[in-house]
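Counting convention: from 1, in listed order, for ligands and their atoms alike. Nothing here was measured: the structure is a model prediction, and the numbers come from that model.
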Amino acid sequence: MRIFSGIQPTGVLHLGNYFGAIRQWVELQEGNECIYCIVDYHALTNEETEPDVLRKARRELALDLIACGIDPERTILFVQSDVPEHTELCWILGCVTSYGDLTRMTQFKQKAAEQEFVNGGLFYYPVLQAADILLYLADHVPVGEDQLQHLELARRIARRFNSRFGELFPEPQPILGKGARIMSLADPGRKMSKSYGPEHYVGLMEPEDSIRKKIRSAVTDIGLTPGQEMSPGVANLFTILELVAPGELVAELRKQHREGKLLYKHLKDVLYEELMNALGPIRARRAELSAKGEIDEVLAAGAARARRIAREVMREVRARVGLD
Ligand code: AMP
Ligand code: TRP
């Protein structure tokens, strides 16, 4: 399979990103041809993205991804704007995209409702996303649930192009993660996200003290409704624990909880220890990688490999539509 996925360089990677997405990206490298893209053009649709912050965030994210286990030798890891064919294909695909379909995109409607100035990039965002995928003739795309609609649109765009200009693009299928949805420690009613502020996420590379503090102060006791056996906050701590700790340990703590003997302070201490154990190698590798300072070269090599594929496909696209 040829796998493509993208992630925006907006802020640090947190536990939700890692367990919900990146860990799967790493696993998919086994036996597949993977292409992973840091989508900086997409990040520009966010009006708050500052130039210096964006410049830096792309490199930091690349370092984080490699530290997590993305292998830039096996996999093509690159920055979207290093391959300008993405925007060229985006325009051409836009011309086989239904305006009506774009107006029905949930993510666009939500974002547009939240802000006063709605830029055109936000409206075109899903077309660029389709171009990202189709430019590499990728057939599988690991994504979260919220991206399924965009992927459905990418398939419609591929079909429309193929039927008008002849079969070229495969219809890309989603690979849905195993669904570890991690909630905010400070408000377990919301998902862990960068958008709500630092108390709502735990960064993978955050200092130990800060992680310990966030876990210690995790909300455990509110939001219990009759019939629920565990409050959402405690359930969330168990969700994370299950991802990092041995099964017997989790089973033992669950048993203590059922029997009403579990002290939340103990649960939190165990979680902190197990989490730091699991993240230890990633954090160590991250420190080594940034000390090496070779990330620009790594990304340039990734872009060169991506571009070889992209150029070839664009040559064909131009010929099909009559632009050659
Ligand atoms: P975002 O930066 O929020 O757009 O997320 C990037 C990727 O991480 C997406 O593919 C999401 O599916 C995944 N992700 C983000 N937040 C969470 C979360 N709290 N739990 C699980 N997965 C998440
Ligand atoms: N929109 C995706 C997200 O927010 C990021 C993305 C951009 C993407 N291009 C992509 C994901 C192509 C998969 C394939 O998560």
For Glu60 and Met205: C-alpha separation, side-chain torsions, deciding distance, then whether side-chain contact (heavy atoms from CB on, under 4.5 Å) applies. CA-CA 11 Å; Glu60 303 272 311; Met205 311 301 168; over 6 Å; no

Verdict with reasoning, Thr45 to Leu128, per side-chain contact (heavy atoms from CB on, under 4.5 Å): CA-CA 11 Å; Thr45 61; Leu128 181 58; over 6 Å; no

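Between Glu85 and Arg318, no side-chain nitrogen of the basic residue sits less than 4.0 Å from a carboxylate oxygen of the acidic one, so the salt-bridge criterion is not met. The pair Arg320-Glu316 counts as a salt bridge, with a side-chain nitrogen and a carboxylate oxygen less than 4.0 angstrom apart.
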Is there any protein N/O under 3.5 Å from an N/O of ligand 2, and what does the full list of such pairs look like?
| unit_1 | atom_1 | unit_2 | atom_2 | d |
| --- | --- | --- | --- | --- |
| ligand 2 | 1 (N) | Tyr125 | OH | 2.7 |
| ligand 2 | 1 (N) | Gln129 | OE1 | 3.0 |
| ligand 2 | 1 (N) | Gln147 | OE1 | 3.0 |
| ligand 2 | 4 (O) | Tyr125 | OH | 3.2 |
| ligand 2 | 9 (N) | Asp132 | OD2 | 2.7 |

Just list the N/O pairs, ligand 1 to protein, that are under 3.5 Å apart, with the distance for each.
| unit_1 | atom_1 | unit_2 | atom_2 | d |
| --- | --- | --- | --- | --- |
| ligand 1 | 2 (O) | Lys194 | NZ | 3.3 |
| ligand 1 | 5 (O) | Asn17 | ND2 | 3.2 |
| ligand 1 | 8 (O) | Asn17 | ND2 | 3.0 |
| ligand 1 | 19 (N) | Ile182 | O | 2.7 |
| ligand 1 | 19 (N) | Met192 | N | 3.4 |
| ligand 1 | 19 (N) | Met192 | O | 3.0 |
| ligand 1 | 20 (N) | Ile182 | N | 3.0 |
| ligand 1 | 22 (N) | Gly16 | O | 3.0 |

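In terms of heavy atoms, Ala186 sits closest to Glu199 at CB-O, 3.5 Å. Here the shortest heavy-atom pairing between Ala43 and Gln8 reads CA-OE1, 3.3 Å.
Looking only at distances, no side-chain donor or acceptor of Arg181 sits under 3.5 Å from a matching main-chain atom of Gly20. Between the side chain of Asn17 and the backbone N or O of Leu13, no donor-acceptor pair lies under 3.5 Å.
Tyr136 and His86 have their aromatic ring centers within a separation under 6.0 angstrom.
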